[in-house]
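Report on the following structure.
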Amino acid sequence: MTYQETDNQIEAIQTEIEVLRMKILELRKERPLEEFDDYALLDKDGNTVMLSSLFQDKDELLVIHNMGKSCTYCTLWADGFSSLTKPLNDRVPFVLISPNPPSIMKEFSESRNWEFNCISAHDSNFIKDVGYSYLKGGRTYYNPGVSAFVKKDNKIYRSNKDYFGPGDTYNNVWHFFELLSKGCNDWQPKYHY
């Protein structure tokens, strides 16, 4: 197969993917709202903040579900959000929620120079109730992802959600690596490069 023939096949597949992506967007618009309580969470200093207050003066909120300091993958995603903080916050309040206690979250987020709002769900059922944690063998495990919330009639609803993982659309480093002849080549995220 020639380079041009390969390009033509890639372009045809990318067109199919775009059609499917548009179908996903339509389904997300049709997804029924899922009601949630107004959870008590903690800021970096250990002060109680209510989920409703994270909306600030808007009626929408993006919540990044981060697995905490122990996950290099979540750290990679959060590092990538640093460059998006201003445009995201211009459109909608954007917060990262971690299972870590506030003191650990504060120390770690400051060491990474994260300028976005970091909130702790330590000692809260929030992460479990939104479906980003589970019990296995008596131990709690976490999943990374994002939830979109909306406030309507003084109630909080989740309008959409998605999960994070290598190759997703929320972290572009994987897509750059996929262009290389050796792909990711067993590359793993690190705390320091």
Q.
Do Ile119 and Met67 sit in one hydrophobic cluster, given that two such residues count as connected whenever their side-chain heavy atoms are within less than 4.5 Å of each other, even indirectly?
A. yes

**Q.** Under-4.0 Å salt bridge between Lys29 and Glu26
**A.** yes

Q) Do Asp79 and Arg112 sit within salt-bridge range, that is, some charged N less than 4.0 Å from a carboxylate O? A) yes

Q | Pairs satisfying side-chain hydrogen bond (donor to acceptor under 3.5 Å, both in side chains), at least one member in residues 120-138, at least two apart | A | Tyr39-Asp129

Q: Keeping the roles fixed (side chain from Ser98, backbone from Asn66), state whether a donor-acceptor pair exists under 3.5 Å.
A: no

Q) Should Tyr170 and Leu62 be counted in the same cluster of Ile, Leu, Val, Met, Phe, Trp and Tyr side chains packed under 4.5 Å apart? A) yes

Q) For the residue pair Cys71 and Tyr191, what are the closest heavy atoms and their distance? A) N-OH, 3.4 Å

Q: Starting at CD1 of Ile97, measure out to CG of Leu54 and round the result to the nearest 0.5 Å.
A: 6.0 Å

Q | Short side-chain to backbone donor-acceptor contact, Asp7 and Ile10, under 3.5 Å | A | no

Q) Is there a path from Phe116 to Phe55 through hydrophobic residues (I, L, V, M, F, W, Y) whose side chains come within less than 4.5 Å of each other? A) no

Q | Glu107, CD atom: more than 12 neighbouring heavy atoms under 6.0 Å | A | no

Q) Just by modelled atom types, is the Phe94 backbone N or O under 3.5 Å from a matching donor or acceptor in the Asn89 side chain? A) yes

(Q) With heavy-atom distances below 4.5 Å as the criterion, would you say the side chains of Leu180 and Asn185 are in contact? (A) no

**Q.** Polar side-chain atom of His175 near backbone of Asp168 as donor-acceptor pair, under 3.5 Å
**A.** yes

**Q.** Val63 with Val130, same ILVMFWY side-chain cluster at under 4.5 Å
**A.** yes

Q.
Check whether Asp38 reaches the backbone of Leu51 with its side chain - one donor and one acceptor, N or O, closer than 3.5 Å.
A. yes

Q: With side chain to side chain contact (heavy atoms under 4.5 Å, CB included) as the test, would you mind laying out the steps for Lys152 and Leu33 before giving the verdict?
A: CA-CA 10 Å; Lys152 293 175 82 169; Leu33 296 177; 3.7 Å; yes

Q) Can you check salt bridge (charged side-chain N to carboxylate O under 4.0 Å, His left out) on Asp45 and Lys106, steps first, answer last? A) CA-CA 7 Å; Asp45 296 316; Lys106 180 178 183 175; 2.8 Å; yes

Q.
Set out, in order, the CA-CA distance, both residues' side-chain angles and the distance that settles side chain to side chain contact (heavy atoms under 4.5 Å, CB included) for Ile64 and Phe81, then state yes or no.
A. CA-CA 10 Å; Ile64 302 300; Phe81 297 139; 3.8 Å; yes

Q) Can you tell me if Asn160 uses its side chain to pair, donor with acceptor, with the backbone of Ala148 under 3.5 Å? A) no

(Q) Tell me if the CD atom of Glu18 is crowded by more than 12 foreign heavy atoms within 6.0 Å. (A) yes

Q: May I ask whether Phe149 and Val92 are part of the same hydrophobic cluster, defined by side-chain heavy atoms of I, L, V, M, F, W, Y residues being less than 4.5 angstrom apart, directly or through others?
A: no

(Q) Do Phe164 and Cys74 have side chains that approach each other closer than 4.5 Å (heavy atoms only, starting at C-beta)? (A) no

Q: Go through the steps for Arg28 and Asp162 under the test side chain to side chain contact (heavy atoms under 4.5 Å, CB included), then give the verdict.
A: CA-CA 10 Å; Arg28 285 184 174 153; Asp162 206 354; 3.0 Å; yes

Q) Between Glu115 and Lys86, does at least one N-O distance fall below 4.0 Å, as a salt bridge requires? A) no

Q | Check against side chain to side chain contact (heavy atoms under 4.5 Å, CB included), Asn113 and Ser82 | A | CA-CA 8 Å; Asn113 296 313; Ser82 288; over 6 Å; no

Q. Under 4.5 Å between any side-chain heavy atoms of Thr75 and Pro189, yes or no?
A. no

Q | Check: Lys190 side chain, Gln188 main-chain N or O, donor-acceptor pair, under 3.5 Å | A | yes

